[in-house]
Amino acid sequence: MMHTAVGWHVEMEFSEDDQHTRAAALVRLPDGTEVRAQGHASRHHTDANQPRVGEEIAGARALNELAMQLLTKAHGEIDAVSGRTSHPIHV
């Protein structure tokens, strides 16, 4: 039987103009750590103005950066406990 010990909530905020979308991602971890990341997207002047698409791209880039920071944090914690350098965790 599986039990849920913790839950994470990721917050995303977007700012946009006619050409650019910026995304800011934040996750608060149970250890009190806050991990933040940013992503951006630019619309080519010949593309239709589709804000949702810009949000998806910028949001995905911010979440990808967030994931990489979490992997780095996990490696540091593994190394600190084990006293050795951990093997890369591939995504």
Side-chain angles (χ1 to χ4, degrees):
M1 178 191 271
M2 182 181 279
H3 296 279
T4 301
V6 298
W8 294 359
H9 295 277
V10 177
E11 296 178 23
M12 297 283 295
E13 292 184 0
F14 298 94
S15 60
E16 301 171 275
D17 61 31
D18 287 341
Q19 296 290 324
H20 304 93
T21 303
R22 288 178 173 53
L26 165 70
V27 63
R28 290 183 184 91
L29 303 176
D31 68 2
T33 304
E34 288 187 353
V35 182
R36 298 172 186 267
Q38 296 183 354
H40 71 278
S42 298
R43 181 176 66 85
H44 190 272
H45 69 277
T46 61
D47 292 338
N49 189 3
Q50 296 177 291
R52 183 181 43 80
V53 173
E55 289 169 3
E56 291 168 353
I57 293 169
R61 289 175 174 162
L63 290 171
N64 186 56
E65 176 60 28
L66 199 65
M68 298 311 294
Q69 289 183 41
L70 289 167
L71 284 171
T72 299
K73 181 180 183 307
H75 274 291
E77 292 171 357
I78 291 168
D79 295 351
V81 170
S82 68
R84 61 180 175 76
T85 302
S86 56
H87 294 286
I89 300 171
H90 299 285
V91 273

Do you know which two heavy atoms are closest between Leu66 and Ala37, and how far apart they sit?
N-CB, 3.6 Å
Check which hydrophobic residues are tied to Val53 through side-chain heavy-atom contacts below 4.5 Å, counting indirect links as well, and list them.
Ile57
When rounded to the nearest 0.5 angstrom, what distance separates CG in Asn49 from CD in Glu16?
8.5 Å
Considering residues at least two apart in sequence or located in another chain, which fulfil the side-chain hydrogen bond (donor to acceptor under 3.5 Å, both in side chains) criterion with Glu11?
Arg28
Residues in side-chain contact (heavy atoms from CB on, under 4.5 Å) with Ala23, at least two apart?
Met12, Phe14, Ala58, Ala62
What do the steps show when you test Val35 against Leu26 for side-chain contact (heavy atoms from CB on, under 4.5 Å), and what is the final call?
CA-CA 6 Å; Val35 182; Leu26 165 70; over 6 Å; no
Keeping the roles fixed (side chain from Arg22, backbone from His40), state whether a donor-acceptor pair exists under 3.5 Å.
no
Side chains of residues 68-83: which donor-acceptor pairs under 3.5 Å do they make with residues two or more places apart or in other chains?
from	atom 1	to	atom 2	distance (Å)
Gln69	NE2	Arg36	O	3.0
Gln69	NE2	Glu65	OE2	3.2
Thr72	OG1	Met68	O	3.0
Lys73	NZ	Asp31	OD2	2.8
Lys73	NZ	Glu77	OE2	2.3
His75	ND1	Ser86	OG	2.5
His75	NE2	Ile89	N	3.2
Asp79	OD1	Ser86	N	2.6
Asp79	OD1	Ser86	OG	2.9
Ser82	OG	Ile78	O	2.9
Ser82	OG	Arg84	N	3.3
Ser82	OG	Arg84	O	3.4

Inter- and intrachain pairs under salt bridge (Lys or Arg N to Asp or Glu O under 4.0 Å), touching residues 39-58, at least two apart:
Arg52-Glu56
Residue set satisfying side-chain hydrogen bond (donor to acceptor under 3.5 Å, both in side chains) with His44, at least two apart, ordered chain then number -> Thr46
